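For reference, the structure discussed in these notes is given below.
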Amino acid sequence: MKLSCLSGNPSKPCFILHFKGVTLMLDCGLDISQVLKFLPLSVVPKSDNYDKKWNHSDKEKDKILGDELKEVAGSVFVDGSLEFCAPEFGMTTLSEVDAILLSNHNTMLALPYVTEYSGFKGTVYCTEPTQQIGRQYMEELVTYVERNPRNKKCSKWKSDAILSSLPTFLREAIRPTAWRECYTKHDIQACLSRVQTVGYNEKRNIYGALIITACSSGYSIGSCNWTIKSPYQKICYISGTSTLTTHPKPMDTEPLRQSDLIIVSSMTKTPGYNPDQMIGEFCMNTVVTIKNGGNVLVPCYPSGMIFDLFECLSSHLDSCGLTTVPLYFLSPVSDSSLAYSNIYAEWLSGSKQSRVYLPEPPFPHAELVSIGRLRQYLNIHDGLQNDFKSPCIVFAGHPSLRMGDVVHFIELWGKSTGNTILFTEPDFPYLEALAPFQPLQMKVCYCPIDTGLSFSQANKLMRDLKPGHLVVAESYVQPPSNLSHKTDMVVDYDPPPLTYKRGEILTLPIKRQFETVEITPNLAKNVSPVEVKPGCMVSMVTAALNIKDNKYTLELLPDGHLSGKKRRADGSLIREKSYIWGSLNIQSFVDALTRQGITDIKVEDTEDGSIIDLPNDDTLIQVEGASTHIICNGEEIVRTKIRDTLLRCLQKL
Amino acid sequence: MDTMNEQEYCKKVQEVFEFLLSSSCHIHDDTLYHKLLDSLNGKMIIPEFAESCGVIDFLQRAGNNTDISPDTLVFAVQLVEKLVSKLELPGIHLENMSVLIETVALRTSVDNLSVFCALFTTMTTILQCPCIKEFCLNIDFQDILKKSFDILKEERSIFLSRAVSEFICSLFSSKMAESQEAKKLLKELQTIIVNFDRDGSQRVLSPSMLCSLRVLEKAPHLFNDSFAEILDVLIILMKIGSTQSSTTAARCLHSLCLQCQDRAKSERVKSLVTEAIETVDIVKGLHIAKVLYPLQLLERSSLENTILEPLQMLDKTNHSPAMHSSLPAVSLSLTIVNDCNIQKLEACKCVAEVLKMTENRPDDFTGSGCYSFTGSSKLQIKCLDYLGSYTSKEVMLSVISSISNIVSYTTEHMIYGKCLLCLCRLLPEVLCSSCYSSERSTVKSDLSKIKESVQRNFCSVEWEFRDTSCEFVRNLMDKHKDKEGVIQWMLDSRFHVFACQAVGDGESYVRATSLSTLQTVLLSSYRTNLLQDMNTTIDEIISQILDVCKTDSEAFPRRSAARLLHHCLLDLSYLLHPDSIQCIAQCFSTSLPSDFDWEVKLIVVEFWCAILKRCFDADLDKETSDQPLGIVVSLDCLKNEKDGKRGYVSISSAINVLLKLSCDYDPSVSERVCQELCWICETLEKFVLKISSATNDDNRSDWCVCAHCSQLITELLNRMTEGKEKTRNDSVFKTDYDSNAVSLLDDILLLDRSQDNNDEDNAIDCY
């Protein structure tokens with residue numbers, strides 16, 4: 001059993017699991033953080049913003065580079081079309097992948113790269129909300145990239161000779177030559193058409209070999225953990241899990257118990273920040289800005305935590321008496337995002353579900369929309385200008401600040417000290433994200449809200465689930481680099497967890513020892529089992545083993561084969577052997593020996609069994625639990641007699 | 001009480017006593033005993049009344065009755081206490097009572113704790129009465145003392161031990177102190193102290209030892225005979241005893257030293273105490289120092305050294321691991337510094353240092369080589385309490401720096417509030433430092449940090465933080481309204497805007513505080529800044545406040561809003577648009593008088609009284625034309641309703657509001673109105689007379705003769721008389737029993753009758 005790690009970012013995981021002859025891909029995350037190396041895609045292009053060419057000190061290299069790199073506020077960026085770091089698909093043959101299991105919308109953005117460009121023939125499994133929200137994320141990404149495209153593809157800076165001489169920020173890029181351009185909307189449609197949706201705790205059979213089940217992970221609407229079971233092994237895959245009480249259905253731990261191995265990924269990216277406190281900070285900073293007459297900009301994804309932010313923020317604005325401050329939500333998928341969230345009641349927490357029976361929409365943002373306090377727009381040209389009122393709070397994508405309407409708002413509000421940009425998405429380092437917009441006057445607040453498992457929660461969960469083995473990212477067994485003194489911020493488990501990192505193949509410590517084999521009724525009729533111990537019956541069987549769809553069946557031998565006769569490869573018969581079993585009854589054995597004419601038998605009990613002394617025949621018989629030794633003085637007749645007597649005293653198959 | 005009632009009362013009391021003495025008496029609700037006791041205590045003004053009520057007979061029979069319930073016995077004993085301490089009883093009555101006490105003391109089982117507690121409490125009171133000697137003539141005082149001493153030695157209930165201990169202490173300050181019995185007891189107490197187990201095995205003191213030490217503390221002169229032995233015991237106790245024992249010993253030593261005439265002896269006591277403090281562990285030393293500091297037994301400076309020692313040690317061993325163990329000592333030291341109010345530079349420095357160590361830090365850094373004190377709210381509260389009352393200039397900037405860090409990260413609103421209180425006190429001097437000090441950049445940075453934190457906390461998720469922030473602005477305005485620098489800093493920080501914006505807060509307490517703050521700002525000379533910064537007018541604000549008065553579901557904001565409108569109209573009416581004045585007047589005439597909250601209605605009463613007072617004063621002084629309030633109510637004629645004409649409320653409407661409130665269901669409101677009606681009536685009468693005399697003035701003569709005016713004044717007078725009567729008979733705090741003592745007796749007797757009925761009735765009652 002092997003596990004290959006294809007992704008370098010444990011929060012955007014992608015694994016290949018070889019289990020019982022089946023090849024499974026676990027998640028298909030796309031690491032978008034590489035877009036930070038590129039210049040933002042302005043909604044309203046300005047000529048003077050990002051126009052300063054970066055000059056390489058080596059003139060020859062500078063000549064090769066051309067104007068691929070631009071300098072903004074002391075930082076160097078690539079002035080080309082955006083590229084993404086897909087997982088290391090080269091580690092496996094994607095056409096051999098039998099199925100892909102997706103955990104949540106965050107871990108599926110690289111899916112089109114697998115399904116559309118690799119000969120993949122398998123099936124993709126995920127829950128329905130994951131499919132829909134994932135689609136929204138993909139569509140938003142594609143729309144942002146295509147809406148204001150930068151058609152120039154830059155690749156000269158990626159050559160090893162030049163890359164090594166670039167400033168650190170670019171030099172740190174991991175395998176930039178493998179970066180890929182964004183897929184298209186057509187790819188998304190084609191890719192998602194391969195998806196088979198599953199419900200929580202619904203069992204799906206993978207080629208008869210494995211049973212997969214999704215169970216709620218509590219992270220987002222429709223997010224799940226997976227259990228992968230064979231009749232004798234159980235592996236669980238925990239990805240994007242939350243034990244906190246937010247809007248999704250709470251985590252279901254029951255199916256994860258009694259597993260031989262658990263693979264953990266997508267734990268919190270910001271272990272030093274408490275999500276509850278951060279929501280409080282977010283609300284506080286927003287209200288302070290509004291009360292000071294400024295505007296608030298929140299770079300965000302189109303779904304997930306944003307629903308909680310709407311709820312908490314509107315409630316806090318109410319408590320601070322700011323009931324008239326408008327909230328603008330801009331995303332190419334804002335309409336479908338808000339609409340879908342309110343129809344997935346069965347995937348939500350108990351409190352949200354109960355609102356449906358009132359009947360009320362599960363999320364309060366529905367009411368905010370109906371009263372006109374929360375307004376959604378597909379982009380800044382979608383009527384926003386007509387309704388725009390300041391001070392206001394704008395939620396806009398993309399959190400990387402390299403694309404989407406958020407770029408426009410930073411350019412618009414960045415010069416005023418009264419405005420604030422509030423980072424809540426933990427995927428991108430906010431200072432790097434802001435680098436191309438410097439110098440920036442607006443206030444910057446970093447309140448990352450990641451409801452993923454913290455280290456203490458993960459350790460507690462594992463102590464509860466007690467898996468036989470644990471597999472975690474290499475970065476989870478050492479304290480985060482920025483909190484190196486926090487030695488408790490590691491996954492701690494006994495036995496010590498196995499670790500994975502990008503490009504590594506792990507041999508999992510699980511050996512397949514047993515397999516279930518069925519027996520046909522016809523064959524069963526000929527079997528005469530013998531009870532060797534209570535509840536355990538044994539019989540010799542000669543049959544044909546049939547393997548189909550990973551199911552094993554014993555059948556009667558086809559006609560023409562002699563039943564009960566074993567043959568060698570050359571067709572010659574093998575002498576029929578009988579199998580003896582059972583414990584030797586010493587008294588019966590002594591009686592049988594006496595009947596064979598052996599006299600003066602002495603029996604001595606020892607710790608392990610008995611010693612039978614036959615002084616007349618100069619022979620000792622040592623009988624122990626699982627063996628019997630006959631020590632005779634070369635008298636073959638005596639030995640044979642004793643052996644035959646002994647065999648007669650034991651039971652045979 | 002008239003004679004008829006008196007007879008009925010006496011008859012009922014006798015019936016009650018009969019019931020109490022009967023074996024069937026079961027009063028489960030002991031508050032009835034207390035009420036009866038209070039009622040009797042109130043009525044028994046002369047001994048004869050006690051006799052006619054059958055009290056003396058009851059006490060006599062209670063002593064002889066063996067079937068009496070323990071609760072009734074307790075009642076009887078307590079009744080003795082009341083009678084003996086209140087009345088000059090004739091000898092025969094005293095004898096009856098002393099017999100009861102003796103019977104109870106000697107015949108009742110000590111297991112009956114409540115009876116014995118009552119007995120010794122009664123004896124403690126009687127010991128201080130003038131008739132004590134006469135009282136004791138008829139009892140075996142020796143036996144009672146012996147019993148009390150036995151109880152102490154047996155270490156029974158803590159309440160009983162305390163009652164006995166009180167009794168014994170009281171004995172030595174009474175006329176009985178010189179009796180042979182008392183002297184014998186004193187001997188035994190001395191023996192207990194002298195024979196105290198000095199090997200340290202008895203760390204917790206027995207009740208008898210504690211009692212002996214209490215007597216020693218209160219009357220040290222009685223122990224002069226064995227001064228040396230007792231001194232020895234006290235010093236040992238101080239060294240090896242528990243904290244409580246040590247502090248008790250310290251107090252005794254102080255007493256001993258005070259009465260000691262011999263200078264050498266006194267010096268010896270001091271030196272031994274000093275040595276003991278140095279010997280004992282630091283926590284015990286602090287406890288002893290806490291006791292001794294206010295007593296001035298030792299030099300205060302040496303005690304201060306002991307008290308500050310844990311804080312000074314911290315300063316020196318900043319990062320040593322040993323510091324972790326001293327947390328209790330530091331905490332105790334801070335408590336003592338606060339309790340003893342040691343306002344000295346050295347103490348202030350130490351406290352500021354501890355506060356610095358407790359500074360909160362962001363979560364990221366917690367545990368990275370931080371002090372164990374980091375974020376300790378317990379220490380922070382103590383430090384801030386101290387620094388809130390005293391901060392020397394030398395440490396002021398350090399304190400401000402600590403406050404800036406604490407307010408940035410603390411999650412406890414109490415700490416936040418204390419920080420702001422401290423800041424409020426220090427701000428004037430700190431702002432001076434920010435201009436002139438060499439460290440002005442640091443101070444400015446700290447103040448800027450504080451400003452950001454306070455702004456954030458105005459918008460906190462927790463309402464307590466928002467409330468505290470609003471309160472801070474009000475404090476600043478109240479305390480520093482004359483200090484331009486402070487107010488300017490506040491205005492620059494826009495705190496006033498944040499505070500006043502909280503009028504629409506979701507939490508009622510915050511709304512209330514915000515309204516109070518708004519009132520303070522509006523009434524100050526900085527109202528223009530507020531209006532400019534909020535980009536609003538005073539009339540818009542008034543309209544908003546009127547909405548609060550009419551629509552807010554909570555009483556607190558409505559109270560604050562009503563108060564604000566009241567003051568705005570009285571003091572700022574010249575700034576208000578006539579429509580606003582009309583709205584306020586209408587609000588106080590129509591909506592607020594029918595508010596559900598009694599305090600809002602009281603504000604309405606205050607409002608109209610203040611308005612009327614000013615109107616009367618102004619009119620009598622003939623200054624109506626200059627008085628802005630003149631436009632609120634018209635004094636031209638009580639009859640002449642001006643509201644239709646000029647849009648304001650007439651004086652008669654104002655008085656009608658008060659008359660309506662005088663019938664309010666809430667007694668506190670109606671009583672208050674009745675009190676106010678007196679002066680209104682008197683003033684009106686004067687006014688009528690004055691106007692009547694001005695017969696030449698045709699306009700004025702109108703109203704004094706009109707039927708409406710006469711009717712109003714008559715109604716006022718009637719209501720005032722009714723109110724006075726009602727107030728006399730019906731106090732707010734009085735219960736039904738207070739107004740009708742017989743009803744209490746009836747209720748007790750009902751319990752007697754209920755015994756006759758079968759249980760079926762009770763069962764039915766239950767349903």
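Predicted model, so just to flag it, every value in this text is computed and none were measured. Order of the sequence lines fixes the chain letters, A, B, ..., with proteins taken first and strands second; residue numbering starts at 1 for each chain.
- Environment of NZ in A/Lys415: sparse, with no more than 12 heavy atoms of neighbouring residues, nucleotides or ligands closer than 6.0 Å.
- Heavy atoms of B/Arg456 lying under 4.5 Å from chain A belong to its backbone as well as its side chain.
- Annotation: side chain of A/Lys291 is not in contact with side chain of B/Val497 (no heavy-atom distance under 4.5 Å).
- A distance of 9.0 Å separates OG in B/Ser460 from CD in A/Glu281, rounded to the nearest 0.5 Å.
- Only the backbone of B/Phe458 comes within contact range of chain A, with at least one heavy atom under 4.5 Å from a heavy atom of that chain.
- In this structure, A/Met284 and B/Asn457 have side chains that are in contact, with non-hydrogen atoms separated by less than 4.5 Å.
- Applying the 6.0 Å contact sphere to CD of A/Glu360 captures more than 12 heavy atoms from other residues, nucleotides or ligands.
- More than 12 heavy atoms of other residues, nucleotides or ligands shown are found within 6.0 angstrom of OH on B/Tyr526.
- The CG atom of A/Leu322 lies 7.5 Å from the SG atom of B/Cys459; values are rounded to the nearest 0.5 Å.
- Of all heavy-atom pairs spanning A/Gly280 and B/Val461, the tightest one is CA-CG2, 3.5 Å.
- Interface remark: of the candidates B/Arg466, B/Glu462, B/Arg511, B/Glu452, B/Arg466 forms the most heavy-atom pairs closer than 4.5 Å to chain A.
- The 12-atom threshold is not exceeded at OH of B/Tyr509, counting heavy atoms of other residues, nucleotides or ligands nearer than 6.0 Å.
- More than 12 heavy-atom neighbours from other residues, nucleotides or ligands sit within 6.0 angstrom of CG on B/Asp492.
- The heavy-atom pair separating B/Asp505 from A/Cys320 by the smallest distance is OD2-CA, 3.9 Å.
- The two residues B/Phe498 and A/Asn292 make their nearest non-hydrogen contact at CE1-OD1, 3.3 Å.
- Only the backbone of A/Asp318 comes within contact range of chain B, with at least one heavy atom under 4.5 Å from a heavy atom of that chain.
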